[in-house]
Amino acid sequence: MSATTTETGTSFVPAADTLGAVLAPGARPPRPSALSASLTFGWRAMLKIKHVPEQLFDVTAFPIMMTLMFTYLFGGALAGSPTEYLQFLLPGIMVTSVVMITMYTGVEVNKDIEKGVFDRFRTLPIWRPSTMVGYLLGDALRYTMASTVILVVGLVLGFRPPGGVAGVLAAIALLVAFSFAFSWIWTMFGLLLRSEKSVMGVSMLVLFPLTFLSNVYVDPQTMPGWLQAFVGVNPISHLVTAARSLMAGSPDTGEITWVLVCGALSILVFGALTMRLYNRK
């Protein structure tokens, strides 16, 4: 430690070896792995739910409302009774409810951008995609909760899946995996668009045709030919068919493979676009 005299008094300038000892008392901690960083951001997403429990409205009240509304509105007209219609409807309404809430991933990304949180994340020595993967891991819990809520309501109303527990769990796992992949579309829009309202608007513009122009509510054979063509290539229709087959105890390997391939392509294409936008934001 050396001392220097100035007009205002005496100041002390630390020696280089003393300063180095204070700033670097030990070895630098290792850089977190990709898995560790992703799980940390996933935990952050779940903590946000803890502090703002109103976020659970879309995974509890919304699925219950959808299940009750469509079962009792259309059950008697389409299948003779709500209970009979529920056997056909429940896998589809589960898919619809979960896929609809995937848009909130993009909304949360956009909110963090507006608050400047992403600027802090970008300075951290972590695996770059871990912030996005963390959002999706946290949302995977929301998707599981929504699926469980719908299943419980369905069982109370009389739904009895022939595939048993194994078939139901496999259908939910397939739905959550597809939703994880599908959510990369909304992370891209969350980075691309300027406001959360814009993200929600674009999301609804895409989700409404996909979920309603599908085989969720009625057999496509009753639709006009041009609409059947759209339903046939709609990824939601393939997901619903795969989920129904698993719950029925007769897995359709062709549809399941189609869903898995579609999910993998979504991650490859929209994941790459998301990270390109993130690195340039």
Side-chain angles (χ1 to χ4, degrees), residues 59 63-64 66-102 140 143-183 207 210-225 227-267:
V59 300
I64 293 174
M66 292 280 287
T67 305
L68 294 174
M69 182 174 65
F70 284 102
T71 297
Y72 289 103
L73 274 178
F74 302 130
L78 297 178
S81 72
T83 303
E84 290 296 323
Y85 184 55
L86 187 64
Q87 311 308 313
F88 173 83
L89 174 69
L90 191 128
I93 207 70
M94 182 182 291
V95 169
T96 297
S97 298
V98 173
V99 170
M100 288 287 284
I101 63 177
T102 58
Y143 306 150
T144 305
M145 290 177 62
S147 301
T148 303
V149 168
I150 293 173
L151 178 62
V152 170
V153 173
L155 292 174
V156 171
L157 296 179
F159 176 68
R160 297 295 181 265
V165 175
V168 170
L169 292 179
I172 291 176
L174 183 67
L175 173 57
V176 172
F178 178 85
S179 299
F180 176 90
F182 193 69
S183 295
L207 288 172
L210 286 179
T211 53
F212 281 91
L213 302 181
S214 67
N215 61 351
V216 171
Y217 305 103
V218 296
D219 188 339
Q221 297 300 322
T222 62
M223 303 176 184
L227 187 53
Q228 289 185 36
F230 177 82
V231 172
V233 298
N234 186 346
I236 302 303
S237 298
H238 290 279
L239 179 58
V240 171
T241 302
R244 281 180 178 144
S245 71
L246 288 167
M247 290 189 182
S250 54
D252 188 330
T253 54
E255 293 291 348
I256 294 171
T257 302
W258 198 101
V259 170
L260 294 175
V261 170
C262 183
L265 289 175
S266 296
I267 294 175

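All residue numbers refer to positions in the sequence shown, counting from 1.
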Take L174 and L260, measure what side chain to side chain contact (heavy atoms under 4.5 Å, CB included) needs, and give me the verdict at the end.
CA-CA 8 Å; L174 183 67; L260 294 175; 3.7 Å; yes
Heavy-atom closest pair (V216 atom, L89 atom, distance to 0.1 Å) is O-CD1, 4.0 Å
Could you pull out the closest heavy-atom pair between F70 and Y85, with the gap in Å?
O-CE2, 3.5 Å
List the steps, then state whether side chain to side chain contact (heavy atoms under 4.5 Å, CB included) holds for L210 with V99.
CA-CA 10 Å; L210 286 179; V99 170; over 6 Å; no
Closest contact, heavy atoms only, C262 versus P235:
SG-CB, 4.1 Å
Keeping N215 on the side-chain end and V240 on the backbone end, is there a donor-acceptor pair under 3.5 Å?
no
Mind checking whether T96 and Y217 have side chains closer than 4.5 Å, heavy atoms only?
yes
What are the two closest non-hydrogen atoms of I150 and M94, and how far apart are they?
CD1-CA, 3.6 Å
Side-chain (T71) to main-chain (L68) donor-acceptor, under 3.5 angstrom:
no
Closest heavy-atom pair, P63 versus S97, reported as atoms and distance to 0.1 Å, is CA-OG, 4.1 Å
Would you indicate whether the side-chain heavy atoms of L227 and P220 approach each other to under 4.5 Å?
no
Backbone of G232 reached by a side-chain donor or acceptor of H238 within 3.5 Å:
yes
What's the separation between atom CZ in F74 and atom CE in M69, rounded to the nearest 0.5 Å?
7.5 Å
d(L239 CG, W258 CH2) to nearest 0.5 Å is 9.5 Å
What are the two closest heavy atoms between F182 and T102, and how far apart are they?
CD2-OG1, 3.7 Å
Exam field: side chain R244 to backbone F88, donor-acceptor pair closer than 3.5 Å:
yes
Indicate yes or no for a side-chain donor-acceptor contact from Q87 to the backbone of G158 under 3.5 Å, with no hydrogens or angles considered.
yes
